[in-house]
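This report refers to the structure that appears directly beneath it.
The shown structure was predicted, so the numbers you read here are calculated from the model rather than taken from an experiment.
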Amino acid sequence: MTIPQSFIQELLTRVDVVDIVGRYVQLKKGGANFMGLCPFHGEKSPSFSVSPAKQFYHCFGCGKNGNAISFLMDHAGMGFVEAVQDLAQSVGLQVPDDDISPQEKERAAAARQKQATLNDVLEKAADAYRRQLRESQRAIGYFKGRGVSGAVAKRYGLGYAPEGWRSLASVFPSYDDPLLEESGLVIVNDEDGGKRYDRFRDRVMFPIRNVKGEYIGFGGRVLGDDKPKYLNSPETPVFHKGRELYGLFEARTPIREAGYALVTEGYMDVVALAQLGFPNAVATLGTACTPEHVQKLLRFTDAVVFSFDGDSAGRRAARKALDGALPHATDTRSIKFLFLPAEHDPDSFIREHGTEAFARHVEQATPLSRFLVESASEGCDLATAEGRAHMASNARPLWTALPDGVLKRQLLGELAELTQLNARDLSDLWGQAAARDGLRAAHHAPPQRQQPRPAADDAPSWDAPPDADGWQPHTESAGPAYDPAYDPGYGGYSNQGGYGGQSSYGGSKPPFRKGGDWKSGGGWKKRDKDAPWPPQPRLPRTPAMSRADHAARLLLSHMAFLEELTHDDHTTLAAQPGSHGPLFAWLEAQFHEHGPLAWAVLRESLRDHECEELAVKVMTGSHAQTEGELHELRLELRDLLTRMQIEDIKEQQKVLVLQVAQDPSALERYRALAEKRKELEQIAPKAA
């Protein structure tokens with residue numbers, strides 16, 4: 001691919017090297033330049049300088065220097081073409097190719113010229129709206145009433161579109177200029193003889209700029225109770241709501257300084273938050289958050305917090321934001337969801353409770369992983385098998401959208417625990433479901449013309465008579481209407497070949513049907529009573545509860561058993577991962593304070609406790625029954641604890657083996673654990 005040099009020069013004038021370097025290096029303003037720690041060599045004091053005026057970086061320590069393209073090549077390991085494409089995508093440009101036709105080049109140049117022209121038209125309108133704001137005490141009064149200072153209004157370029165149908169006629173020489181309609185400033189009513197009028201009238205105006213600071217559209221809010229309350233520019237060649245974020249141009253540096261981006265729901269939220277000390281806020285433009293929005297934010301920071309109202313509309317908006325964030329939720333990024341009380345937006349919350357309270361809410365926002373689980377579990381009764389199955393079905397598309405990594409694998413384990421399956425079974429089931437979806441999509445796709453495969457000379461057809469044993473074979477001549485190797489009711493194509501062993505037919509042996517099973521006149525004939533049924537595919541086994549679950553069930557049902565446990569038993573229980581350890585610690589504290597309590601009393605004490613969900617899960621369903629002699633139940637608990645201690649010792653020994661080379665004493669600890677493990681295995685020989 002040959003990229004014209006003229007495009008390279010234009011690209012470098014459109015991108016901001018501070019933005020590009022800022023994706024990877026934390027920069028702080030230092031005079032006319034930005035300074036940071038050099039990414040090309042280790043250093044403790046910053047000697048890496050980035051000049052926004054010269055669009056150039058230079059390290060005074062190691063001598064590395066260059067422009068935005070060379071930075072991506074040197075630091076991110078990109079090739080030249082990949083670096084150019086990455087930069088072009090960030091500013092909405094299409095990379096040209098010298099090999100394309102002159103006509104295509106001409107069209108691309110015309111499109112770039114049109115974009116620049118529309119930017120100029122919108123900037124001229126923004127200047128006019130700002131002038132109108134200074135002359136409108138009513139509009140100024142509105143902003144003052146919302147606590148917006150003149151400095152913040154100037155920073156965001158706030159303005160006012162006056163009353164009247166054709167106010168922009170005094171701004172542009174020709175009100176009939178097609179660019180006014182194409183930029184979204186003017187509406188043309190074709191049903192009324194092509195009459196033209198301003199789109200924005202008697203509204204305070206919020207100019208929308210792209211990351212380069214170019215004007216691409218507007219948002220307008222009424223001063224009274226008229227509808228619609230908010231009005232955005234329409235989609236234009238320079239404005240796409242699904243890609244742009246209000247306030248991102250102004251928030252670039254504050255996002256770097258704060259370490260995270262705060263995504264809100266409206267223009268006034270962004271302006272009010274900037275006024276109250278959170279200038280790192282941005283807002284979607286009247287549309288749901290998209291993957292493009294998230295990707296754009298992640299160019300400036302690895303941490304994003306979505307802030308929504310706590311009402312049902314806010315939860316729906318958060319759910320859509322979750323869909324947009326999932327493809328970008330890598331292991332090194334932090335994506336959270338902040339839900340304010342239903343009666344508050346960020347502005348009102350901060351004014352009532354203060355900036356520190358809001359900052360605490362931001363810090364304690366719900367992580368993406370937890371919100372994913374909550375969204376999948378919504379409306380599902382996890383105390384029943386049906387509810388858990390429903391939750392697993394809800395979770396599959398969410399989990400699948402995550403990029404591969406540690407986070408995705410951890411969530412698989414957590415979701416598997418909630419469904420009472422092991423992670424491998426759940427992954428297998430989801431893989432089968434994905435295969436079925438793919439096959440259904442292929443089945444409903446438009447048919448493609450295929451060359452017919454030659455049939456074997458001796459291949460019988462469905463119309464062939466049954467053999468001596470009464471069986472009639474299936475052959476490919478039956479056509480594609482039925483594929484016996486695939487049964488959507490049993491997980492699609494199986495490695496069992498549907499009903500039997502392997503063959504060259506699609507990887508499985510074709511099934512046979514009983515000749516005469518179907519009457520030619522309709523209806524079923526009596527089946528041969530000696531004919532065996534085809535083997536059924538294996539269904540997923542209902543997983544057994546974990547040992548920690550069983551131990552929790554026994555101790556919640558018979559709290560007095562705690563008195564009989566050894567120190568090692570208590571240590572083992574408290575060290576259990578997830579919510580099990582805290583649950584056992586809480587139970588022991590209750591025992592020391594109140595003595596043995598019945599489950600009904602414990603249940604009430606667990607209300608709103610972090611371990612409530614786990615305790616209710618293990619004490620719900622048929623598995624929670626603890627009938628039997630107390631002596632037998634004590635033996636069951638003893639066996640569980642012994643096996644749990646053996647597993648703990650095995651894990652400790654694995655770690656010690658890796659430490660022996662650096663720490664000779666690790667070998668002695670390994671031997672001591674081996675002796676202890678041997679003693680325990682004699683108590684529970686089956687656990688070894």
Side-chain angles (χ1 to χ4, degrees), residues 126-127 129-163 200 202-209 217-232 245-255 257-258 260-286 305-311 313-314 317 338-365:
D127 290 338
Y129 292 145
R130 281 195 296 272
R131 291 194 300 270
Q132 290 290 340
L133 176 61
R134 291 194 292 268
E135 299 174 6
S136 173
Q137 292 302 315
R138 183 161 160 261
I140 293 174
Y142 171 81
F143 284 126
K144 284 185 175 180
R146 298 297 298 265
V148 179
S149 67
V152 170
K154 181 179 180 181
R155 174 178 174 81
Y156 286 88
L158 304 183
Y160 172 67
E163 297 179 278
F200 301 101
D202 193 22
R203 292 175 180 266
V204 287
M205 299 295 290
F206 301 83
I208 303 167
R209 289 180 272 190
F218 292 94
R221 189 198 188 283
V222 295
L223 295 175
D225 297 325
D226 296 340
K227 301 296 181 182
K229 184 177 180 181
Y230 284 98
L231 182 65
N232 293 322
L245 290 159
Y246 175 71
L248 182 57
F249 173 73
E250 294 81 5
R252 293 175 305 164
T253 300
I255 286 173
E257 294 174 347
Y260 71 95
L262 182 62
V263 184
T264 63
E265 296 187 79
Y267 307 109
M268 272 309 304
D269 287 333
V270 172
V271 174
L273 283 168
Q275 183 72 54
L276 297 169
F278 294 89
N280 55 321
V282 299
T284 53
L285 297 165
V305 178
F306 293 98
S307 176
F308 298 101
D309 297 340
D311 56 13
L338 169 63
F339 297 100
L340 296 174
E343 66 274 13
H344 282 299
D345 57 23
D347 181 14
S348 65
F349 183 90
I350 294 175
R351 294 186 187 281
E352 181 171 334
H353 300 285
T355 57
E356 292 184 2
F358 185 76
R360 285 196 301 271
H361 272 64
V362 170
E363 186 176 352
Q364 298 167 3

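- In terms of the side chain to side chain donor-acceptor pair (under 3.5 Å) criterion, Y129 has no residue partners (sequence neighbours excluded).
- Residues satisfying the salt bridge (charged side-chain N to carboxylate O under 4.0 Å, His left out) criterion with R130, sequence neighbours excluded, are D127.
- In this structure, M205 and L158 have side chains that are not in contact, with every pair of non-hydrogen atoms separated by 4.5 Å or more.
- Q275 meets the side chain to side chain donor-acceptor pair (under 3.5 Å) test with S149; sequence neighbours excluded.
- With values rounded to the nearest 0.5 angstrom, Y160 atom OH is found 10.0 Å from L133 atom CG.
- In this structure, the side chain of R155 engages the main chain of E250 through a donor-acceptor pair within 3.5 Å.
- Looking at heavy atoms from C-beta onward, Y260 lies out of side-chain contact with I255 at the 4.5 angstrom threshold.
- Residue pairs meeting the side-chain hydrogen bond (donor to acceptor under 3.5 Å, both in side chains) criterion with at least one member in residues 132-141, sequence neighbours excluded, are R138-D202.
- With values rounded to the nearest 0.5 angstrom, F306 atom CZ is found 12.0 Å from L338 atom CG.
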N/O donor to acceptor pairs below 3.5 angstrom from side-chain atoms of residues 261-269, sequence neighbours left out:
from, atom 1, to, atom 2, distance (Å)
T264, OG1, V282, O, 3.1
E265, OE2, D309, N, 3.3
Y267, OH, N232, OD1, 2.0
D269, OD2, G266, N, 3.4

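- Pairs engaging residues 136-157 under the ring-ring contact (aromatic ring centres under 6.0 Å, His included) rule: none recorded [sequence neighbours left out].
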Anything under 3.5 Å between a donor and an acceptor, one on a side chain of residues 344-355, the other on a protein residue two or more places apart or in another chain? List them.
from, atom 1, to, atom 2, distance (Å)
H344, ND1, S348, OG, 3.0
H344, NE2, E352, OE1, 3.3
D345, OD1, D347, N, 3.2
D345, OD1, S348, N, 2.7
D345, OD1, S348, OG, 3.0
D347, OD1, R351, NE, 2.6
S348, OG, D345, N, 3.0
S348, OG, D345, O, 3.1
R351, NH2, R146, O, 2.8

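- Geometric assessment of R209 against the ring of F249 yields a negative cation-pi assignment under the 6.0 Å and 45° thresholds.
- Environment of CD in E363: sparse, with no more than 12 heavy atoms of neighbouring residues, nucleotides or ligands closer than 6.0 Å.
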